[in-house]
Amino acid sequence: MGLIIFMILLIVVLMVLASCVRIVPQAQALVVERLGAYMGTWSVGVHVMMPFIDRVAKRVILKEQVVDFAPQPVITKDNVTMRIDTVVFFQITDPKLFAYGVENPIMAIENLTATTLRNIIGDLELDQTLTSRETINTKMRASLDVATDPWGIKVNRVELKNIIPPAAIQDAMEKQMKAERERREAILRAEGEKKSTILVAEGKKESAILDAEADKQAAILHAEAEKEKRIREAEGEAEAILKVQKANADGLRFLKEAGADEAVLRLKSLEAFATIADGKATKIIIPSEIQNMAGLVKSVVEVAKED
């Protein structure tokens, strides 16, 4: 009987000693109290506490946590009531403050998030609220981080998950979006027609320019041909005149070398005069020397008759 009692006592002692040994895993901390007063915070590792005197007041998770709060009704600056739900990412940085700072930290964060969101949205109009998510997130994170610091909590990020306006506002927004899409469609169609008209006009312009260039080149070529023709004709006439003058000069040189007398020279002058008056002159001035040649001509005629 005594042995049984001893074994029972031994088992009880071992169980008490085992309960006094605590192993703290990674990313967790234990807040320990001794006789109801805060004794310390145990981090990762093996710890031994006094039986019946020490106790674990709170087990704290040090990893970043996420809490999704239900949609909260808020009123914008232009008196539009909408519902917004938020997601808060937070991390416990001081287990002692988290254990003793506030009774229910999650509820406190939820209420603080709701009041902060109402204050921020109250300064914005509906359109600003729908387009300023990043600004709202930044302001809320800053406000919550300052408010939760005495609780040993650091708010890392706040996101607006859904913004739910009233049904009438949603219907009006859908109509506005539809009108906007129709307007953009009309603008795109008008732009397309405008570009098409411009392209057609530019094509006609290019065609007219090319036709004008072709006419210009044809006129230039025609003028060049006419110019070349006139130049060749002028050169031919100049060459003919040059040859005639050369022939006359050769004839005069021949007469001079042959020793022709004055009568022959006068006869040649008479031939030249006849050539000049070849039906083209309307008025002929006869030099006085030609009159003196009348007798010479008569003599030549008589000689020709005798022959």
Walk me through it: do Val21 and Val46 pass the test side chain to side chain contact (heavy atoms under 4.5 Å, CB included)?
CA-CA 7 Å; Val21 178; Val46 179; 3.9 Å; yes

Could you give the side-chain donor-acceptor pairs of residues 94-111 under 3.5 Å, partners two or more places apart or in another chain?
residue : atom : partner : partner atom : Å
Asp94   : OD1  : Lys96   : N            : 3.1
Asp94   : OD1  : Leu97   : N            : 3.4
Tyr100  : OH   : Glu33   : OE2          : 2.7
Asn104  : OD1  : Met107  : N            : 3.4
Asn111  : ND2  : Met107  : O            : 3.3

Between Thr93 (side chain only) and Gly152 (backbone N and O only), is there a donor and an acceptor less than 3.5 Å apart?
yes

For residues 126-136, which residue pairs pass the side chain to side chain donor-acceptor pair (under 3.5 Å) check, not counting sequence neighbours?
none

Please step through side chain to side chain contact (heavy atoms under 4.5 Å, CB included) for the pair Ile164 and Ile84, ending with a clear verdict.
CA-CA 6 Å; Ile164 307 172; Ile84 301 177; over 6 Å; no

Gln28 meets the side-chain hydrogen bond (donor to acceptor under 3.5 Å, both in side chains) criterion, sequence neighbours left out, with Arg59

Sequence neighbours left out, what pairs pass side chain to side chain donor-acceptor pair (under 3.5 Å) with at least one residue falling in residues 63-74?
Glu64-Asn156, Asp68-Lys161

Would you say Glu226 has more than 12 foreign heavy atoms packed within less than 6.0 Å of its CD?
yes

Could you report the tightest heavy-atom contact between Ile61 and Ile92, atom names first, then the distance?
O-CD1, 3.5 Å

If you compare all heavy atoms of Lys77 against all heavy atoms of Glu125, which two are closest, and at what distance to 0.1 Å?
CB-N, 4.1 Å

How would you list, by chain and number, every residue that makes a side chain to side chain contact (heavy atoms under 4.5 Å, CB included) with Glu233, sequence neighbours excluded?
Lys229

Listed once per pair and sorted, the side chain to side chain donor-acceptor pair (under 3.5 Å) pairs that draw on residues 234-244, sequence neighbours left out:
none

For Ala147 and Leu112, which heavy atoms make the closest approach, and how far apart are they?
CB-CD2, 3.1 Å

Common cluster, Phe89/Ile153, ILVMFWY with side-chain heavy-atom separation under 4.5 Å:
no

Tell me, which pairs form a side chain to side chain donor-acceptor pair (under 3.5 Å) where one or both residues lie in residues 190-217, sequence neighbours left out?
none

Only counting residues at least two apart or in another chain, list the ones meeting ring-ring contact (aromatic ring centres under 6.0 Å, His included) with Trp151.
none

Quick test of your reading: applying salt bridge (charged side-chain N to carboxylate O under 4.0 Å, His left out), list the pairs with at least one residue in residues 175-189, sequence neighbours left out, ordered by first then second residue.
Asp171-Lys175, Glu180-Arg183, Glu180-Arg184, Glu185-Arg189

So does Val155 get a backbone contact from the side chain of Gln91, meaning a donor-acceptor N/O pair under 3.5 Å?
no

Report yes or no: do Leu130 and Met140 belong to one cluster of Ile/Leu/Val/Met/Phe/Trp/Tyr joined by side chain heavy-atom distances under 4.5 Å?
yes

Can you name the nearest heavy-atom pair linking Thr116 to Ser143, along with the distance?
CG2-CB, 3.7 Å

Pairs meeting criterion salt bridge (charged side-chain N to carboxylate O under 4.0 Å, His left out) with involvement of residues 34-46, two or more places apart:
Arg34-Asp54

Restricting to side-chain hydrogen bond (donor to acceptor under 3.5 Å, both in side chains), what partner residues turn up for Arg232, sequence neighbours left out?
Glu228

I'd like to know whether Val88 forms a side chain to side chain contact (heavy atoms under 4.5 Å, CB included) with Thr113, so could you lay out the CA-CA distance, the side-chain angles of the two residues, the decisive distance to 0.1 Å, and finally the verdict.
CA-CA 9 Å; Val88 178; Thr113 301; 3.9 Å; yes

Testing the basics here: between Val67 and Phe90, what is the closest heavy-atom pair and its distance to 0.1 Å?
CG1-CE2, 3.9 Å

Is there a continuous path of hydrophobic side-chain contacts, each under 4.5 Å between heavy atoms, that joins Leu62 to Tyr38?
yes

Do Ile120 and Ile163 sit in the same hydrophobic cluster, where Ile, Leu, Val, Met, Phe, Trp and Tyr count as joined when their side-chain heavy atoms come under 4.5 Å apart?
yes

Quick one: does any side-chain atom of Asn119 pair with a main-chain N or O of Thr115 as donor and acceptor, under 3.5 Å?
yes

Considering only residues two or more places apart or on different chains, which pairs with a residue in residues 143-160 satisfy salt bridge (charged side-chain N to carboxylate O under 4.0 Å, His left out)?
Arg141-Asp145, Asp145-Lys154, Arg157-Glu159

How many angstroms lie between CD1 in Ile23 and NE2 in His47, if you round to the nearest 0.5 Å?
10.0 Å

Determine the minimum heavy-atom distance between Leu160 and Leu117, stating which atoms define it.
CD2-CD1, 3.9 Å

Any donor and acceptor pair, going by atom type alone, linking the side chain of Thr76 with main-chain N or O of Ile121 inside 3.5 Å?
no

Say whether Met82 and Phe69 are linked into one hydrophobic cluster, either directly or through other cluster members, by side-chain heavy-atom distances under 4.5 angstrom.
yes

Output the distance between atom CG (Asp85) and atom CG (Asn162), rounded to the nearest 0.5 Å.
4.5 Å

